[in-house]
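Below: one structure, written as structure tokens.
Read the numbers this way: they start at 1 and go in the same order the structure lists the ligands and their atoms.
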Amino acid sequence: MVGLLLLLLLLPFLLYMAAPQIRKMLSSGVCTSTVQLPGKVAVVTGANTGIGKETAKELAQRGARVYLACRDVQKGELVAREIQTMTGNEQVLVRKLDLSDTKSIRAFANDFLAEEKHLHILINNAGVMMCPYSKTADGFEMHMGVNHLGHFLLTHLLLEKLKESAPSRIVNVSSLAHHLGRIHFHNLQGEKFYNSSLAYCHSKLANILFTKELARRLKGSGVTAYSVHPGTVQSELVRHSSFMRWMWRLFSFFIKTPQQGAQTSLYCALTEGLEILSGKHFSDCHLAWVSAQARNETVARRLWDVSCDLLGLPMD
Ligand SMILES: *[C@@H]1O[C@H](CO)[C@@H](O)[C@H](O)[C@H]1NC(C)=O
Ligand SMILES: *[C@@H]1O[C@H](CO)[C@@H](O)[C@H](O)[C@H]1NC(C)=O
Ligand SMILES: *[C@@H]1O[C@H](CO)[C@@H](O)[C@H](O)[C@H]1NC(C)=O
């Protein structure tokens, strides 16, 4: 009886002590590639915090010239300096990119295309999660607008450069949350009904559908595309939900650090011989299953066309 009581009292303490091991177990995937990147150019969106920052740091560590594409340039500059100091790589640059405004996306792309000869790695990492209903500058629902349409436009505008620089790679940070996502073509902007959690899931499903469609279209071009689930990571994504913040704190010692969360993006960006798996979805540095919705080619093609239409891009 006393023993049981003692155990109960000790349990939280034991769990706390074991947390690093448990966290390690839960975050098994580690990018073990030793590829170095001198002379390579990478763009990481949302690179001033969390997984994006860790991804950018690792790419810089390996010698790439890395563009941090951030909405908040001041914050970005601080991070750039931090990465420069840590890696000794001076070629970490900050450029303004607001994915909720197509004007900003076009301006970013124009400047980038004018200043850089190459682009070898594009990491579409930025994202919003569970915002209250709101719209982008162009009138798109915020999740669909930033997570999907914003990156869709960015990828489109940089695609020629990626092709010229082949072999090159595009990595899209999606999520396990895509399993709850549906593409409601009659309510793409959430005007008929809206649920902030589900809106996030829908946009993450869109990321996977696009990765597949893009990979199909890019076959033979030397540009390959991957989508990843980074794992459950501490990040600023939960800033819009007090419940999520509370849960995060409660379970925080089981949750991946941003550095662990960056591993699968890095794995897809760097691993040699991964080209044959273009279009696939990865989690913990392994191939991962996606929902039936995410495998539906009809939906993927229609979403591609609808997105081109919304963004005023030529349909090809
Ligand atoms: C990434 O996702 C965006 C938005 O869904 C899409 O437009 C883009 O084509 C995707 N890129 C890749 C490589 O999957
Ligand atoms: C949003 O959807 C989730 C998942 O289906 C559900 O649990 C939640 O209650 C919904 N929220 C609202 C406000 O309807
Ligand atoms: C793809 O989705 C469409 C529309 O939701 C559906 O009618 C069709 O049966 C799906 N196809 C497959 C192979 O699941």
Of all protein heavy atoms, the one nearest atom 8 (C) of ligand 3 is Asn296 ND2, 3.7 Å

No-hydrogen, no-angle side-chain donor-acceptor test under 3.5 Å, Ser104 and Asp98 | no

Note to self: Check contact between Thr298 and ligand 3, using heavy atoms of the residue and a distance below 4.0 angstrom.
What the structure shows: no

In short, ring-ring contact (aromatic ring centres under 6.0 Å, His included) pairs touching residues 35-65 with sequence neighbours left out are none

_Considering both backbone and side-chain atoms of Gln293, is one of its nitrogen or oxygen atoms within less than 3.5 Å of a nitrogen or oxygen in ligand 3?_
no

- Task: State, yes or no, whether a side-chain contact exists between Lys192 and His184 at a heavy-atom distance under 4.5 Å.
- Result: no

Would you verify that at least one protein heavy atom lies under 4.0 Å from atom 11 (N) of ligand 2, or report that none does?
yes

The closest protein heavy-atom partner of atom 9 (O) of ligand 2 is Asn195 ND2, 4.8 Å

Would you please indicate yes or no on a ring centroid separation below 6.0 angstrom for His286 and Tyr267? no

Review point. Right, does atom 2 (O) of ligand 3 have protein non-hydrogen atoms nearer than 4.0 Å?
Key: yes

protein heavy-atom neighbour closest to atom 4 (C) of ligand 2 works out as Leu198 CD2, 4.1 Å

In short, Thr55 meets Ala262 closest at the heavy-atom pair OG1-CB, 3.4 Å

Quick note on ligand 3: atoms under 4.0 Å from a heavy atom of Val299 include exactly 2 (O)

Distance-only donor-acceptor check, side chains Thr264 and His229, under 3.5 Å:
no

